[in-house]
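Quick note: numbers below take in every heavy atom, side chains included, and nothing from hydrogens, waters or symmetry partners. All ligand and atom numbering here is 1-based and tracks the order in the structure.
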Amino acid sequence: MSERVLTPRNRGFLFLDSHPAGCRQVVADMWQACPAPAGVPEGDGPVALVIGSSAGYGLAATLAGLKRAGIRGVAVSFEKAPTARRTATAGWYRTAATADIARTAGRDLVFLNGDAFSDSTKEQVADLIEQRFGGRLDYLVYSVAAPRRTDPDTGTTYASVLKPIGRANRTKTLVFDDEGVPEVREVETGPAEGDDVEQTVAVMGGADWERWIGHLAARGLLADGFTTAALSYIGSPLTAAIYRQGTIGAAKAHLEATARTLNDRLDKTVGGRAVTSVNGAAVTQSSTAIPGIALYTGLLRGVLGEDLVPPIRQLAALWDQLTGAAPLVLDDEGRIRLDTFELADDVQAAVAERWETATTATVTDLADLDWFRAEVRRLYGFSVPGIDYTAPVATDVPWPDHTP
Ligand SMILES: NC(=O)c1ccc[n+]([C@@H]2O[C@H](COP(=O)([O-])OP(=O)(O)OC[C@H]3O[C@@H](n4cnc5c(N)ncnc54)[C@H](O)[C@@H]3O)[C@@H](O)[C@H]2O)c1
């Protein structure tokens with residue numbers, strides 16, 4: 001087994017390596033932070049499929065599903081194996097750690113590494129549900145964030161872009177230099193052109209979610225009362241031009257419209273339900289790529305401190321609503337809202353005030369940059385309390401083995 005001392009090497013918010021022990025600890029900390037339910041679910045537990053299970057909200061969905069709802073089933077993500085020169089991706093190591101937690105909890109959860117957009121992954125999952133999980137799927141949580149999708153029907157590959165619609169957007173944004181010194185800059189992003197909107201909707205809209213459900217329904221694998229949720233975001237007026245009113249926002253609107261169509265169909269066929277869950281801002285590999293979001297999230301944490309609800313606690317609440325352990329509360333557009341801590345008027349007013357005055361000179365006082373920087377590093381398993389980064393670690397961690 002190759003053991004190495006790993007030091008972080010990064011370009012901006014992207015790191016070349018991931019730390020296996022740090023990633024394992026991140027998962028353990030999330031598991032710990034998920035409140036245990038009053039009555040631990042007994043027996044086999046419901047059968048669930050989580051898509052996008054290795055990072056961010058999908059990882060939170062997997063861990064909270066295990067703890068709050070006692071799920072078993074299948075978790076899908078798309079991660080890179082370790083090589084002689086590079087570590088695995090962080091999601092690979094987090095998956096290995098999540099699998100150990102599932103095993104210890106006595107839950108049969110199969111982790112698949114593959115492209116969720118492909119029909120072959122869908123077939124593999126359907127076979128597993130049919131052969132290993134009694135042929136009935138109770139829950140599907142869809143939490144994929146991806147830059148590209150190939151449509152299996154046409155072979156066309158779509159690429160998503162993060163652009164405003166209609167006109168260019170200038171926004172403040174936060175960057176760090178090689179020494180980690182923060183700078184607040186203005187960046188301009190040109191408006192969507194050509195088929196940018198359609199391309200982004202084709203990747204991040206509801207098409208693949210709908211295809212999954214169509215596939216599983218055609219194989220007769222949806223249990224009575226089958227319930228599915230896809231993750232969405234609305235966010236602040238401060239980021240609206242680039243997010244909710246931008247190309248990605250068009251994709252989210254499509255996802256939310258897909259939920260309504262799916263909901264009607266599921267209601268009629270299996271007495272089931274489809275919803276979107278609107279979640280709060282979180283530091284993830286996907287969110288740090290959006291112009292302005294780093295500054296916004298740092299300021300939000302500056303305002304909220306510990307009241308910024310982490311994904312694991314939001315997803316604990318989501319599972320409770322999906323399973324009926326807590327009442328299902330939907331907004332006027334049929335969405336579960338777990339972002340109220342972020343969008344409360346007083347919180348938004350305070351963030352807006354700080355946003356106005358944020359400059360390179362003032363940002364350290366206005367935003368929680370220590371937290372933000374640590375969150376970014378934790379995405380790769382660095383800056384995790386309790387890890388000895390001077391110790392060599394084995395990087396060739398195997399993908400979980402699921403031989404029954
Ligand atoms: N981060 C936020 O602030 C935030 C807020 C609200 C909602 N959301 C939503 O949550 C969802 C997940 O976003 P995130 O920020 O947690 O992303 P993330 O980058 O942390 O995780 C993305 C996940 O998708 C998986 N994935 C990517 N491409 C895949 C593919 N082709 N096949 C299978 N799996 C694939 C990755 O392996 C990973 O598990 C998105 O819908 C996003 O809009 C995010």
Query - salt_bridge(Arg219, Glu130) N-O dist < 4.0 Å - result: yes
Requested in this report: Using side-chain contact (heavy atoms from CB on, under 4.5 Å) as the criterion, list what pairs up with Asp29, not counting sequence neighbours.
Outcome: Gln25, Val384
Report task. Could you list the residues that satisfy ring-ring contact (aromatic ring centres under 6.0 Å, His included) with Phe372, not counting sequence neighbours? Result -> Phe13
Query - Electrostatic pair Asp138:Arg136 at N-O distance under 4.0 angstrom - result: yes
Report task. Check whether any side-chain N or O of Trp355 sits under 3.5 Å from a backbone N or O of Leu295 as a donor-acceptor pair, and report yes or no. Result -> no
Report task. Quick one: which residue pairs count as a ring pair (Phe, Tyr, Trp, His ring centres under 6.0 Å) with a foot in residues 301-343, not counting sequence neighbours? Result -> Tyr139-Trp319
Distances only, to 0.1 Å: what are the N or O pairs between ligand 1 and the protein that fall under 3.5 Å?
residue: ligand 1; atom: 1 (N); partner: Ala282; partner atom: O; Å: 3.4
residue: ligand 1; atom: 1 (N); partner: Thr284; partner atom: OG1; Å: 3.3
residue: ligand 1; atom: 3 (O); partner: Ala282; partner atom: N; Å: 2.8
residue: ligand 1; atom: 3 (O); partner: Ala282; partner atom: O; Å: 3.2
residue: ligand 1; atom: 15 (O); partner: Thr284; partner atom: OG1; Å: 2.6
residue: ligand 1; atom: 16 (O); partner: Tyr57; partner atom: N; Å: 2.8
residue: ligand 1; atom: 17 (O); partner: Ser286; partner atom: OG; Å: 3.3
residue: ligand 1; atom: 19 (O); partner: Ser286; partner atom: OG; Å: 2.6
residue: ligand 1; atom: 20 (O); partner: Gly56; partner atom: N; Å: 3.4
residue: ligand 1; atom: 31 (N); partner: Asp115; partner atom: OD1; Å: 2.9
residue: ligand 1; atom: 32 (N); partner: Gly114; partner atom: O; Å: 3.4
residue: ligand 1; atom: 32 (N); partner: Ala116; partner atom: N; Å: 2.8
residue: ligand 1; atom: 37 (O); partner: Ser54; partner atom: OG; Å: 3.1
residue: ligand 1; atom: 37 (O); partner: Phe78; partner atom: N; Å: 3.2
residue: ligand 1; atom: 37 (O); partner: Phe78; partner atom: O; Å: 3.4
residue: ligand 1; atom: 37 (O); partner: Glu79; partner atom: OE2; Å: 2.9
residue: ligand 1; atom: 39 (O); partner: Gly52; partner atom: O; Å: 3.2
residue: ligand 1; atom: 39 (O); partner: Ser54; partner atom: N; Å: 3.1
residue: ligand 1; atom: 39 (O); partner: Ser54; partner atom: OG; Å: 2.6
residue: ligand 1; atom: 39 (O); partner: Ala55; partner atom: N; Å: 3.4
residue: ligand 1; atom: 41 (O); partner: Leu231; partner atom: O; Å: 3.3
residue: ligand 1; atom: 41 (O); partner: Lys252; partner atom: NZ; Å: 2.8
residue: ligand 1; atom: 43 (O); partner: Lys252; partner atom: NZ; Å: 2.8

